[in-house]
Visitor: 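Right, I'll just put the structure down here and ask away after.
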Amino acid sequence: MKINMIAVLVLVGFAFGGQALVGYNYGSGNQKRFHEIVAFAYKFEAAIALCISISLYIFAPFLVKAFFDDMALISLGTLLVSLLLLGMIFVAVVLISTCIFQATGKAVEAFILSASRQGFLFAIVLFLASKTAGYYGILASQAISDCLTAVIAVILFRRLFHSLRAEKTIE
């Protein structure tokens with residue numbers, strides 16, 4: 001989990017670092033700049049997630065070995081890191097979406113995403129995955145939860161942009 005947190009915390013830093021830009025442009029009504037920043041944020045965060053995931057995947061056995069001496073634990077730890085890294089691109093989508101919702105005053109949507117990824121959705125996925133795939137289901141549950149939360153993020157994000165277009169049409 002510590003190895004996975006390296007990637008997640010880098011993504012959190014970049015996502016929250018751009019939140020002010022999103023908020024300023026949304027608040028000022030600068031739709032063009034707002035859309036440009038949002039598009040850049042998703043692309044940049046996804047690229048960072050991909051680069052970090054590939055790097056950590058390649059070095060996972062060596063990194064896990066820094067924590068354990070037992071070859072069985074190193075093997076299981078490498079598998080866990082690999083499965084967690086599969087969800088990293090989805091984590092990027094969720095983080096950027098959460099920051100956009102926070103910056104635009106959409107607290108309910110931000111809460112839904114925050115509570116889903118490691119909250120109620122994760123609990124449901126963990127329960128179902130453990131029942132259907134046992135131990136490996138448990139290992140994969142965070143990546144599955146990240147993917148499903150990213151789907152929710154996309155749906156909520158499309159709703160936000162639809163409402164923004166409607167506001168612009170009314171003006």
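Just so you know, these numbers use all the heavy atoms, side chains as well, and skip hydrogens, waters and symmetry mates.
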Visitor: Is it the case that over 12 heavy atoms from other parts of the model lie below 6.0 angstrom from the CZ atom of F59?
Guide: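 Result for CZ/F59: open.
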Visitor: What are the two closest non-hydrogen atoms of S141 and V125, and how far apart are they?
Guide: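 Here S141 and V125 meet closest at O-CG1, 3.5 Å.
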Visitor: Provide the closest heavy-atom pair for S97 versus A153 in the form atom of the first, atom of the second, distance.
Guide: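 Heavy atoms only, the tightest pair is OG-CB, 3.6 Å.
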Visitor: What heavy-atom pair brings A143 and L83 nearest, and what distance separates the two atoms?
Guide: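 A143 and L83 have their closest heavy atoms at CB-O, 3.3 Å.
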Visitor: Evaluate T104 against F34 for side-chain contact (heavy atoms from CB on, under 4.5 Å), listing each step before the verdict.
Guide: CA-CA 10 Å; T104 57; F34 172 78; 3.9 Å; yes
Visitor: Consider only side-chain heavy atoms of I, L, V, M, F, W and Y, link residues closer than 4.5 Å, and tell whether I144 and V93 are in one cluster.
Guide: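 Yes, because I144 and V93 connect within a single hydrophobic cluster, where side-chain heavy atoms sit under 4.5 Å apart.
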Visitor: Is the F44 ring parallel, tilted or perpendicular to the F14 ring (thresholds 30°, 60°)?
Guide: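 F44 vs F14 ring planes: perpendicular.
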Visitor: Can you confirm whether L126 sits close enough to I138 that some side-chain heavy atom of one is under 4.5 Å from a side-chain heavy atom of the other?
Guide: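 Side chain of L126 against side chain of I138, heavy atoms only: contact under 4.5 Å found.
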Visitor: Kindly indicate whether the side chain of V38, heavy atoms from C-beta on, has any atom under 4.5 Å from the side chain of I100.
Guide: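 Yes, their side chains come closer than 4.5 Å.
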Visitor: Do the side chains of Y24 and R33 get nearer than 4.5 Å, heavy atoms only?
Guide: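 The answer is no, as the side chains (C-beta and beyond) never meet within the 4.5 Å cut-off.
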Visitor: Same hydrophobic cluster for I48 and F16, using side-chain heavy-atom links shorter than 4.5 Å among ILVMFWY?
Guide: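 In one cluster with I48: F16, yes.
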Visitor: Would you name the heavy atoms of A7 and I52 that are closest together and state the gap between them?
Guide: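 In terms of heavy atoms, the two residues are closest at CB-CG2, 3.3 Å.
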Visitor: What distance do T149 atom OG1 and F120 atom CZ have between them, rounded to the nearest 0.5 Å?
Guide: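 It comes to 8.0 Å.
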Visitor: Quick one: do I3 and V91 end up in the same hydrophobic cluster if we chain Ile, Leu, Val, Met, Phe, Trp and Tyr together by side-chain heavy atoms under 4.5 Å apart?
Guide: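 Linked within one cluster.
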Visitor: Write out all pairs satisfying side-chain hydrogen bond (donor to acceptor under 3.5 Å, both in side chains) with one or both partners inside residues 54-83, taking only residues at least two apart or from two chains.
Guide: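 Listed once each, the pairs would be none.
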Visitor: Is S53 close to I89 at the side-chain level, that is, under 4.5 Å between some pair of heavy atoms?
Guide: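 No; the side chains remain at least 4.5 Å from each other.
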Visitor: Where is the tightest heavy-atom contact between R117 and F122, given as atom of each residue plus distance?
Guide: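 Looking at all heavy atoms of both residues, the closest pair is O-CB, 3.2 Å.
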Visitor: Measuring from L73:CG to L80:CG, what's the distance to the nearest 0.5 Å?
Guide: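 Answer rounded to 0.5 Å: 11.5 Å.
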Visitor: Output the distance between atom CD1 (I6) and atom CG (L11), rounded to the nearest 0.5 Å.
Guide: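 Answer for the CD1-CG pair, I6 versus L11, is 12.0 Å.
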Visitor: Hey, does V94 have a side-chain heavy atom less than 4.5 Å from the side chain of D146?
Guide: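 No, side chains not in contact.
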Visitor: Quick one: do L86 and I58 end up in the same hydrophobic cluster if we chain Ile, Leu, Val, Met, Phe, Trp and Tyr together by side-chain heavy atoms under 4.5 Å apart?
Guide: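 In one cluster: no.
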Visitor: First locate atom CZ of F111, then atom OG of S116, and finally report the distance between them rounded to the nearest 0.5 Å.
Guide: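 The distance works out to 8.5 Å.
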Visitor: Could you check whether any side-chain heavy atom of L21 comes within less than 4.5 Å of a side-chain heavy atom of F40, counting everything from C-beta outward?
Guide: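 Not in contact.
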Visitor: Minimum heavy-atom separation for I74 and P61, please, with both atom names.
Guide: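 Nearest pair, atom of I74 first, then P61: CG2-O, 4.0 Å.
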Visitor: Between CG of L50 and CE of M88, what distance do you get to the nearest 0.5 Å?
Guide: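 With rounding to 0.5 Å, CG (L50) is 11.5 Å from CE (M88).
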Visitor: Could you walk me through whether L139 and L79 satisfy the side-chain contact (heavy atoms from CB on, under 4.5 Å) test, starting with their C-alpha distance in whole Å, then the side-chain angles of each, then the deciding distance to 0.1 Å, before giving a yes or no?
Guide: CA-CA 8 Å; L139 293 181; L79 174 62; 3.7 Å; yes
Visitor: Before giving the answer on side-chain contact (heavy atoms from CB on, under 4.5 Å), spell out for I112 and F101 the whole-Å C-alpha distance, their side-chain angles and the decisive distance to 0.1 Å.
Guide: CA-CA 10 Å; I112 289 169; F101 291 135; over 6 Å; no
Visitor: Mind checking who shares a hydrophobic cluster with L128, ILVMFWY linked at side-chain heavy-atom distances under 4.5 Å?
Guide: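 Cluster partners of L128: I124, F127.
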Visitor: May I ask whether L76 and F68 are part of the same hydrophobic cluster, defined by side-chain heavy atoms of I, L, V, M, F, W, Y residues being less than 4.5 angstrom apart, directly or through others?
Guide: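 No, L76 does not connect to F68 through the hydrophobic network.
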Visitor: Enter the distance from F90:CZ to L95:CG here, rounded to the nearest 0.5 Å.
Guide: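 Answer rounded to 0.5 Å: 13.5 Å.
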Visitor: Side-chain contact test, heavy atoms from C-beta onward, threshold under 4.5 Å: evaluate it for K106 versus L160 and give yes or no.
Guide: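 A side-chain contact under 4.5 Å exists here.
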Visitor: Any ring pair (Phe, Tyr, Trp, His ring centres under 6.0 Å) involving residues 137-158? Give me the pairs, sequence neighbours left out, ordered by first then second residue.
Guide: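 Qualifying pairs: Y42-F157, F157-F161.
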